[in-house]
Every structure is written in structure tokens, then in C-alpha cells.
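Read the structure below first, then the notes.
Since this is a predicted model, take the numbers as computed values, not measurements. Below, each value reflects all heavy atoms present in this structure, side chains not excepted, and no hydrogens, waters or symmetry copies. Whatever order the structure lists ligands and atoms in, that order sets their numbers, starting from 1.
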Amino acid sequence: MIKPQEALRIILESVPKLSPVPIPLAEIDGYVLAEDIVAAHDVPPFDNSAMDGYALLAADIAGAGKDTPVTLKLIEEQPAGKSTDAVVTPGTAIKIMTGAPIPAGADVVVPIERTRSAGDTVEILAALPVKNNIRAAGEDMPKGSTAATAGAVVTPVVVGLLASLGFPAASACAKPRVAVIGTGNELIPVDQPLTPGKIRDSNSYTVTAQARGCGAIVARLGVAGDTKEDVARLVNAALADADVVVTSGGVSVGDYDFVKDVLAEMGAELKFWGVKQKPGKPLAFWTLEEKLIFGLPGNPVATVLCFEEYVRPALLKMMGRTNLLRPVVTAGLTHDLRKKPGRQHFIGVRVEAADGRYKATVNGRQGSGILKSLAGADGIAIVPEDVTEMKAGEELQVQLIGLPEDH
Ligand code: AMP
Ligand code: MG
């Protein structure tokens with residue numbers, strides 16, 4: 001059995017790079033750019049007015065004030081979206097709207113609130129310096145500048161920059177296609193009545209939701225019965241389309257745990273089976289050509305935690321992210337805790353921040369079948385392999401699973 005850090009290292013090392021694909025702008029948020037975005041023109045493309053008001057010559061209004069208005073002749077109106085050949089000369093002004101190009105000759109815009117309209121003339125009631133209320137061409141992004149670099153996650157703001165620069169699409173790292181498979185004769189679909197000995201399949205739903213939460217494209221293929229044939233049928237179906245296959249259950253040492261046998265027969269390369277952790281000891285991981293296959297243990301808490309700890313970082317890396325891991329903080333336990341040595345424990349906790357320190361409280365009754373122990377948990381506490389006992393106030397590392405990755 002290997003340690004959790006070693007398991008993560010092996011997985012991340014096996015992650016293939018997906019080829020970049022052109023993604024239309026309306027769908028590109030959340031993708032990682034595969035190219036630098038360089039401005040082919042200035043944004044804004046021309047000097048324009050920041051206010052509704054009058055474009056004129058600053059020199060003309062040097063002495064203007066409330067009691068000393070300067071009267072200028074109106075020669076034109078300049079709405080947004082229109083350009084004009086009219087030229088502002090001394091003694092004249094052009095009425096201008098926000099976003100309209102600054103007419104030739106003008107070097108300042110006086111906002112309408114500081115003027116008084118008078119038919120075909122206007123009275124200016126304030127002196128303003130040159131360039132006031134003028135947005136210079138290229139002040140947002142000058143031509144030739146880099147608006148976003150390859151490797152950046154496309155945020156809504158980056159989408160806006162791409163639009164301003166005239167990119168209908170951009171090259172981004174593809175999102176992995178993930179196929180989700182449950183295994184187990186005891187599992188019945190969520191819409192069927194319970195019968196003796198049966199439980200409902202929940203793992204295929206938690207895994208689907210978790211994979212989608214990473215931004216992956218997910219197909220839930222359903223549940224295979226505990227026969228080699230049925231497991232092989234679904235795994236083959238999964239491999240036909242997916243970059244990543246995630247199974248749950250059937251990877252332990254039970255008589256009906258066939259996932260390992262099936263993958264061995266398919267020629268998948270077993271990278272590891274068994275991690276010194278609780279829950280999730282029987283976690284298995286294979287590669288087959290460029291594809292990744294995760295065999296998550298079936299206990300619902302183990303499934304969720306193994307996804308969070310191992311599958312999530314792999315999917316993020318596949319889609320080009322460089323921050324793969326959630327923020328980790330040091331937190332003081334609010335109570336005593338005991339465990340057996342030999343395995344690292346992952347425990348769902350509630351995290352509170354008080355006076356600049358974090359406090360962690362185990363989130364209710366623990367057990368690999370007690371999925372509720374993770375509902376409302378906003379942290380995963382790491383209790384190291386050799387620790388057997390911790391006292392209230394002692395500190396441990398906690399991953400903040402409610403926050404995005406920061407390293
Ligand atoms: P296994 O690893 O297949 O032995 O499963 C371990 C435990 O997890 C058993 O109690 C299973 O009933 C349970 N289990 C396996 N798969 C699922 C699933 N898809 N949904 C809910 N529980 C499951
Ligand atoms: Mg099973």
C-alpha cells in the first residue's frame with residue numbers, strides 16, 4: 001500500500017494533456033486559454049467622450065465659471081456610434097454623448113451639468129484642463145498588448161476582453177469527458193421501490209455531480225451488476241467515448257469485486273491498488289493508452305472523499321489548470337480525537353474562523369457508510385498516519401473544500 005501523497009503524485013504524473021480546441025466565446029468561461037490573446041487594435045479603438053456634454057477647446061474656457069460663463073457656438077451634434085468630419089475651432093463646440101468619438105480639434109469634454117444650453121449656442125460654466133472626460137484610444141488595451149495569457153482561466157471579465165478584441169472564439173484546453181459507472185448487485189435505481197437486501201445507487205449521482213462541479217463533461221452510464229461480463233460491458237462503453245472512467249465499488253477483496261479483473265483482462269496498466277488511508281483504502285488507478293481509470297471504493301463516504309482527493313485534481317490538471325488543490329489551513333480541534341495508527345484519516349469537519357484562527361469540529365457521526373457526515377462539512381481534516389490521539393486545541397491541517405483551488 002502506498003501513501004496518499006504518493007497516490008496523488010502517480011495520478012497527476014499520468015494525466016495526459018488534452019489537445020486545444022476552438023471554443024465559441026459564449027461558452028468559453030471556465031476554460032483555460034491555450035493561446036496568448038494579443039490586442040490587434042486599440043480598445044477603445046478611438047478617443048471618446050466619458051460624459052454627455054460638449055467637446056471643445058480647453059483654451060477657450062480657461063476663464064469660465066458659474067458667474068463668468070463662456071459662450072460658444074454649437075456646430076454639430078455627436079451621438080455614440082457616429083463619426084463626424086466637423087472640426088472644433090476656437091469659439092465653437094460640438095454636443096457629444098458618452099462613447100462618441102472626440103471630434104477633430106476638441107481637447108476636452110465639459111459635462112452637461114456644467115453648461116447652460118441656449119439655442120444654437122452653449123454657456124460653459126467651468127474651466128477644465130485638457131483631456132478631461134476624454135477616454136484615450138487604447139487606454140483599456142493598447143494594440144499589441146497581451147490581454148490574457150495562455151494558461152489563464154477564462155473568467156467572465158476575460159470573456160469581455162475577448163469580445164472587445166473581436167475574438168468570436170479562442171483556443172482553449174478541452175474539457176475531459178468523464179464516464180461514471182456504479183457496480184453492485186445490491187443497487188437499484190433511484191426511482192424503484194426498495195426490496196429486501198437492496199439499497200439505492202447514490203454513488204453514481206455523487207460522482208456525476210462532483211465531476212460536473214469540476215467543469216468536466218459527464219456521462220452517467222448507470223450500474224453494472226457483479227459479474228465480469230456486466231462490468232466489462234459498461235467499462236467498454238465508457239472507454240469508447242470518455243477520457244476518464246470513474247467506477248465505484250467492486251475494487252475491494254470481496255468475492256464479487258470484479259473491477260480489477262476486468263481491467264486487467266482489457267490490458268489496462270494498474271498504477272496502484274491500495275492507499276494507506278481511511279476511508280478509501282481499496283482505491284485503484286489504471287491507465288489505458290491516454291485514458292485514466294479510477295476505481296473508487298464503494299462506501300459512499302470513501303467514494304466522495306477519493307473523488308475530492310484524487311479525481312478532482314486530475315480533472316483540473318487535464319483541463320489545463322495549474323492550481324489543483326484546495327486551500328489548506330491549520331485549525332485547532334474543538335474536541336479530543338482518537339484513531340488507530342497506520343493510515344491517514346480524512347475526516348469531514350466544520351470550520352470556523354475566530355480571531356484570525358481556524359477551529360475544526362468533526363461533522364457528526366463518522367463512518368464510511370454515513371454519507372451525512374459530509375453534508376454541511378466545509379473542510380476535510382487530515383489526521384496523519386501515525387497519530388493515535390489528539391487533544392482539544394491541538395492543530396491539524398484542514399482542506400477547505402468550499403473554496404476554489406489555490407495551489
Ligand atoms: P463494495 O466496494 O462494492 O464492496 O461496496 C462497499 C459498500 O458500498 C457496500 O456496502 C455497497 O453496498 C456500497 N455501495 C457500493 N456502490 C454503491 C453505490 N453506487 N451507491 C451506494 N452504495 C454503494
Ligand atoms: Mg460491490
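Contact atoms of ligand 1 toward Gly250: 1 (P), 2 (O), 3 (O) (distance under 4.0 Å to a heavy atom of the residue). Atoms of ligand 1 lying under 4.0 Å from any heavy atom of Thr183, numbered from 1 in the order shown and given with element: 16 (N). Atoms of ligand 1 lying under 4.0 Å from any heavy atom of Arg200, numbered from 1 in the order shown and given with element: 20 (N), 21 (C).
Looking from atom 18 (C) of ligand 1 to the surrounding protein, the closest heavy atom is Asn203 ND2, 3.2 Å. When hydrogens are left out, the protein atom nearest atom 22 (N) of ligand 1 is Ile199 CD1, 3.6 Å; that is the closest non-hydrogen contact. In this structure, the protein non-hydrogen atom closest to atom 9 (C) of ligand 1 is Glu186 OE2, 4.1 Å.
Contact between Gly298 and ligand 1 is present, with at least one heavy atom of the residue lying under 4.0 Å from the ligand.
A donor-acceptor pair shorter than 3.5 Å cannot be found between the side chains of Asn363 and Ser373.
Residue contacts with ligand 1 for Leu187 involve side-chain atoms from C-beta outward but no N, CA, C or O (heavy atoms, distance under 4.0 Å).
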Show me the side-chain donor-acceptor pairs of residues 109-119 shorter than 3.5 Å, one per line, residues at least two apart or across chains.
residue, atom, partner, partner atom, Å
Thr115, OG1, Ile112, O, 2.7
Arg116, NE, Glu123, OE1, 2.9
Arg116, NH2, Glu123, OE1, 3.0

Using distance only, find each side-chain donor-acceptor pair of residues 20-36 under 3.5 Å and give its atom names and separation, not counting sequence neighbours.
residue, atom, partner, partner atom, Å
Glu35, OE2, Ser171, N, 2.9
Asp36, OD1, Ala150, N, 2.8

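Using a distance-only test at 3.5 Å, with no hydrogens or angles considered, no donor-acceptor pair links the side chain of Lys228 to the main chain of Phe258. Remark: the backbone N or O of Val130 is not paired with any side-chain donor or acceptor of Asp107 at under 3.5 angstrom. When atom types are taken as modelled, the side chain of Trp273 and the backbone of Val251 share a donor-acceptor pair closer than 3.5 angstrom.
Every N/O-N/O distance between Ser252 and ligand 1 stays at or above 3.5 Å. Every N/O-N/O distance between Ser204 and ligand 1 stays at or above 3.5 Å.
For atom 4 (O) of ligand 1, the candidate residues are Leu296, Val190, Asp257; the nearest heavy-atom contact is made by Asp257.
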